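The structure under discussion appears below in the form of structure tokens.
What you see is a predicted model, and the numbers here were worked out from it, not measured in a lab.
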Amino acid sequence: MASQHVSDGGDVAAFEEGQLVMPRWVGETPISRLVGALISFKPLYSVLKLGARQVLISTAEKTNIPWREMAKEVLESEVYKEMESIQDPSLVYPDYYLNPFHAYDEGNLSWLAAAEAEAATMSMVRRAIPYASSLEEANQIVRGNWLQAISQHHQQYSGNSPINKVLDIGCSVGVSTGFIADKFPDASTTGLDLSPYFLAVAQHNQKRRPPRKKPIRWVHANGEATGFPSKSFDIVSLAYVLHECPAKAIIGLVNESFRLLRPGGTVAITDNSPKSKILQELSPVLFTLMKSTEPFLDEYYLTDLEHVMREAGFMNVRNILTDPRHRTVMGTVPH
């Protein structure tokens with residue numbers, strides 16, 4: 001089954017969906033239970049975690065992403081000076097966020113995770129488009145389709161609501177935030193994340209790069225309770241965030257997005273697609289490695305995101321496969 005996608009030029013092509021509603025390695029299937037049992041065996045989990053990390057690094061470096069070199073550059077920089085201005089010391093982290101993620105024992109709360117995040121993001125894009133000749137070409141598809149889908153959805157359903165303020169929740173080190181700020185250069189863009197380490201890298205990188213007409217603002221806060229006034233943004237984006245969240249947090253993030261958007265505002269959530277043919281057909285080794293570093297992957301796949309969005313109050317909920325692995329699910333606040 002093919003799913004339409006929107007390319008940067010506005011034309012419509014198709015990525016192939018699998019035959020299943022979601023992969024067999026999700027939920028209460030025999031293969032999922034077996035993987036869960038393997039991961040819960042601590043000595044094996046340690047080996048899997050290390051293996052997953054090695055796969056990520058070697059895959060990146062085989063596609064000319066200098067993972068270790070990029071991380072070394074960050075760790076040997078002045079990035080540490082950014083922490084004091086970025087961190088909210090009173091922030092209480094939700095319990096789920098204190099889990100190990102992505103083979104880091106401290107999860108996202110470490111300098112190593114922050115130093116490696118940009119290379120990991122590049123590697124994710126290359127994996128999504130293995131036939132691309134370069135990272136730039138892969139980004140044109142992955143990021144281009146995502147941004148074009150947001151832009152077209154907003155044009156179609158917002159009632160001509162202007163785009164003056166954009167919020168990127170779970171912005172990590174600001175890669176997605178930079179892309180969305182480039183797409184909407186006249187808007188004020190804010191990147192928000194729970195990790196002050198990631199935000200310190202984002203702020204450090206912004207200072208090293210050519211100045212923007214409107215610099216991105218970086219905020220250390222919980223995406224479920226941002227502290228921003230209601231109806232204060234025109235677009236809220238969550239890019240590759242929800243697969244790291246339990247169902248309760250997914251609902252919280254969607255509800256907070258609804259609160260933050262003005263009438264006619266657009267939410268855009270991009271993440272792994274349960275219907276992706278490629279993800280449904282992953283080899284047992286790869287999906288076992290993946291699940292060993294993503295503690296809430298099953299909860300994400302088992303959550304009916306479109307239902308959650310409609311329950312929050314969003315209208316015009318649309319789900320588009322924007323690359324072979326990822327969907328972008330969008331909705332509009334009634335106006």
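- A salt bridge (Lys or Arg N to Asp or Glu O under 4.0 Å) check over residues 288-298, counting only residues at least two apart or in different chains, returns the pairs Lys291-Asp298.
- Salt bridge present: Glu256 and Arg259 bring a charged side-chain N and a carboxylate O closer than 4.0 Å.
- Side chain of Gln203 to main chain of Ile86: no donor-acceptor pair is present (N/O by atom type, distance under 3.5 Å, no hydrogens or angles).
- Relative ring orientation between Tyr97 and Phe101 is described as tilted, the plane-to-plane angle lying within the 30° to 60° band.
- Legend: residues meeting side-chain hydrogen bond (donor to acceptor under 3.5 Å, both in side chains) with Arg327, ordered by chain and number and at least two apart, are Tyr300.
- Residue pairs meeting the salt bridge (Lys or Arg N to Asp or Glu O under 4.0 Å) criterion with at least one member in residues 160-169, sequence neighbours excluded, do not occur.
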* Asked: Is there a side chain to side chain contact (heavy atoms under 4.5 Å, CB included) between Ile65 and Met70 once you walk through the steps?
  -> CA-CA 9 Å; Ile65 297 164; Met70 287 173 71; 4.2 Å; yes
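- Residue pairs meeting the side-chain hydrogen bond (donor to acceptor under 3.5 Å, both in side chains) criterion with at least one partner in residues 121-133, sequence neighbours excluded, are Ser123-Arg127, Ser133-Glu137.
- A continuous path of Ile, Leu, Val, Met, Phe, Trp and Tyr side chains, each step under 4.5 Å between heavy atoms, connects Leu75 with Ile57, placing both in one hydrophobic cluster.
- A side-chain contact (heavy atoms from CB on, under 4.5 Å) with Ser257 holds for exactly one of Leu167, Ile269, Ile169; it is Ile169.
- Listed by chain and residue number, nothing satisfies the ring pair (Phe, Tyr, Trp, His ring centres under 6.0 Å) test with Trp218 (two or more places apart in sequence, or in another chain).
- Under the ring pair (Phe, Tyr, Trp, His ring centres under 6.0 Å) criterion, His154 pairs with no residue at all, not counting sequence neighbours.
- Within the structure, side-chain hydrogen bond (donor to acceptor under 3.5 Å, both in side chains) pairs that include any residue of residues 57-66 comprise Glu61-Arg68 (at least two apart or interchain).
- Annotation: side-chain hydrogen bond (donor to acceptor under 3.5 Å, both in side chains) contacts of Arg325 (sequence neighbours excluded): none.
- The ring pair (Phe, Tyr, Trp, His ring centres under 6.0 Å) search around Phe179 returns none, not counting sequence neighbours.
- Criterion: ILVMFWY side-chain heavy atoms under 4.5 Å apart, direct or through other members. Under it, Tyr96 and Val241 are not part of a common hydrophobic cluster.
- Ring-plane geometry between His220 and Tyr93 is classed as tilted, the angle between the planes lying from 30 to 60 degrees on a 0 to 90 degree scale.
- Residue pairs meeting the salt bridge (Lys or Arg N to Asp or Glu O under 4.0 Å) criterion with at least one partner in residues 231-245, sequence neighbours excluded, are Asp234-Arg262.
- Sorted by first then second residue, the ring-ring contact (aromatic ring centres under 6.0 Å, His included) pairs that include residues 245-276, not counting sequence neighbours, are Phe258-Phe314.
- Listed by first then second residue, pairs satisfying salt bridge (Lys or Arg N to Asp or Glu O under 4.0 Å) with a partner in residues 102-118 read Lys49-Asp105, Arg53-Glu116, Glu118-Arg209, not counting sequence neighbours.
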